[in-house]
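Per chain, numbering begins at 1; letters A, B, ... match sequence-line order. Please read these numbers as outputs of a predicted model, since none were measured by experiment.
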Amino acid sequence: MNEELEKRIKKVNAKKFGEDLVSWFEQEMRELPWRENRDPYRVWVSEIMLQQTRVDTVIPYYNRFMEQFPSVEALAFAPEEDVLKAWEGLGYYSRARNLQSAVREVHESYQGIVPDNLKEISSLKGVGPYTAGAILSIAYGKPEPAVDGNVMRVMSRILSIDDDIAKPASRKKFETAVRAIIYEENPSYFNQALMELGAIVCTPTSPSCFLCPVQEHCAAFAEGTQHELPVKSKKKAAKTVELLTVIAENNKGKVLISRRPEQGLLANMWEFPSFEKTPGVNAGQQMIEYLQADHEVEATLTDEKWMTQDHIFTHLVWKMQVGRVTVTKEPALTEQIKWVDQTEIEKVAMPVSHRKIANRWKESTEKETEK
DNA sequence: CACTCGTGGAG
DNA sequence: TCTCCAAGAGT
């Protein structure tokens, strides 16, 4: 092990650090739905939803999800479309598919019991180093590190570690550190407390050191460098893509939607037909030609720029120009396309940008009906 | 390792 | 408006 790291770890009184941290957690921990009990399935679902997602955002999704899929079996036997719909708006949709895939694996290979050891639980889809440690410690009380962004931030300050936490290699260093000082009497509370501290007290830009329960153990506080840590390199700027999106209506008031590929961005989500714009070419003409070529739809242009919609991803920006056309000849239906009315469109899973467009479409058709 | 993969909220 | 983000994992 890194000698410098070992030296810093030895400076910490691990026993008292754990006691101070866990005592604080017992007093200050938030009441959250996934803390009602230690059901491994409930813990598991919460950890997947919480990946890269804020607690306040997750809570309503979690409550609905547990009501709809209360057990391993309920989720294992559910239609994949229902799971994706329950995930709509939460983002990172492969989490939903991987979770259901893994739950089916638990049902078939582990008699419906979530594995309680590192090797087996890590083999499940969507369960990486963090989630494996989180479930093992929180649900089963095992002394495994669960190193997320909070833990790296907190421990970078406690031990004054200036490794770039954006680099994959640094996570292992923090795992080593946590493993060395983990509170064996209560690994569940210890790990949760590290994260809770990061979320509530030891925050990224303005840590509240004056009310920190482990201030006396903190190297960064002693040095006055808490605002300089952790070191985190910036990610590259997002690219912008110009899209043309088409509201194609037939004479029954239904609109055409298509399903995205089962791999990649927004996998398996439903959307209005969209494609990358060719610069300098008439937009309305591109829409008509695209529908003909990719969906065997014949249509006449109604409005080539009915609205615009931006969709901002972490690594990408879509600038969408939405046009409307009237269909004169309908395509043969496939698994990848279907016609839906205002009621039916609410039941499919769409990304936020297309959901906003769908809502606007609904408003416009309701106005037409009033006339 | 570098890149992909969402979203809504905070500063 | 812009930047950064929040309990990461898959490829």
Can you tell me if the side-chain N/O atoms of A:Y92 get under 4.0 Å from OP1 or OP2 in C:dG10?
no
Ring centres under 6.0 angstrom apart (A:F313, A:W318)
yes
A:Y62 ring center near A:W34 ring center (under 6.0 Å)
yes
Distance check: side-chain N/O of A:K234 vs OP1/OP2 of C:dC4, anything under 4.0 Å?
yes
How many Å lie between CE on A:M152 and P on C:dA6, as a whole number?
12 Å
Need one value for A:A169: base, sugar-phosphate or nothing, where a base atom within 4.0 Å counts as base even if backbone is also close, heavy atoms only.
sugar-phosphate
Answer yes if the side chains of A:E47 and A:Q51 hold a donor-acceptor pair under 3.5 Å, and no otherwise.
no
Looking at B:dA2, I'd like to know if its phosphate oxygens (OP1 or OP2) sit under 4.0 Å from a side-chain N or O belonging to A:K235.
no
Starting at the 5' end of DNA chain B, which residue's closest nucleotide do you reach first, A:K236 or A:T205?
A:K236
From the candidates B:dG8, B:dG6, C:dG8, the one with an atom nearest any side-chain atom of A:T131 is C:dG8
State which of B:dG6, C:dG10, B:dT7 makes the closest approach to the side chain of A:L265.
B:dG6
Measure from the side-chain heavy atoms of A:R54 and tell me the nearest of C:dC5, C:dG8, B:dT7.
C:dC5
Base, sugar-phosphate or nothing for A:L316? Non-hydrogen atoms, less than 4.0 Å.
nothing
Given B:dG8, B:dG6, C:dC5, identify the nucleotide with an atom nearest to the side chain of A:K232.
C:dC5
Could you please name the option among B:dT7, C:dG8, B:dC1 that lies closest to any side-chain atom of A:H311?
B:dT7
Could you state the OH-C1' distance from A:Y61 to B:dG6, rounded to the nearest angstrom?
10 Å
Could you check whether A:W87 gets within reach of a base, just the sugar-phosphate, or nothing at all, counting any heavy atom under 4.0 Å?
nothing
Closest-nucleotide ordering on DNA chain C, the 5'-leading residue of A:S46 and A:S94:
A:S46
Roughly how many Å apart are B:dG8 and C:dT1, using the C1' atom of each and rounding to a whole number?
16 Å
Is A:S206 touching bases, backbone alone, or none of the nucleic acid, heavy atoms closer than 4.0 Å?
nothing
Any A:H315 side-chain N or O less than 4.0 Å from OP1/OP2 of B:dT4
no
Rounded to the nearest Å, what distance is computed from the CZ atom of residue A:R153 to the C1' atom of nucleotide C:dC5?
10 Å
Take atom CE of A:M195 and atom C1' of C:dC5, then tell me their distance rounded to the nearest Å.
18 Å
Mind checking the C1' distance from B:dC1 to C:dG10? Whole angstroms is fine.
13 Å
Calculate the interatomic distance between A:L266 atom CG and B:dC5 atom C1'; express it in whole Å.
9 Å
Using a heavy-atom cut-off of under 4.0 Å over every strand shown, decide if A:R260 touches base, sugar-phosphate, or nothing.
nothing
What is the nucleic acid contact for A:G89, judged by heavy atoms within less than 4.0 Å: base, sugar-phosphate only, or nothing?
sugar-phosphate
Upstream residue (5' side of DNA chain B) when A:Q263 and A:S170 are each assigned their closest nucleotide:
A:S170
With a 3.5 Å cut-off and no angle check, do the side chains of A:R260 and A:Q336 form a donor-acceptor pair?
no
Would you verify whether the NZ or CZ of A:K347 falls within 45 degrees of the ring axis of A:W270 while also being under 6.0 Å from that six-membered ring's centre?
no
Quick check, are the ring centers of A:Y61 and A:F65 under 6.0 angstrom apart?
no
Side chain of A:Y130, heavy atoms from C-beta onward: which of C:dG8, C:dG10, B:dT7 has the nearest atom to it?
C:dG8
I need the CD1-P distance between A:I312 and B:dG9, as an integer number of Å.
13 Å
Between the base of B:dG6 and the side chain of A:T314, is there a donor-acceptor distance below 3.5 Å?
yes
What integer distance in Å separates A:F313:CZ from B:dC3:C1'?
16 Å
Looking at A:T57 and B:dG9, is any side-chain donor or acceptor paired with a base atom of the opposite kind under 3.5 Å?
no
In whole angstroms, how far is the C1' atom of C:dG10 from the CZ atom of A:R95?
13 Å
Looking across every strand, which nucleic acid part, if any, lies under 4.0 Å from A:V127 by heavy atom: base, sugar-phosphate, or nothing?
sugar-phosphate
Base, sugar-phosphate, or nothing for A:I48, non-hydrogen atoms under 4.0 angstrom?
nothing
Closer than 4.0 angstrom, basic N to acidic O: yes or no for A:R35 and A:E31?
no
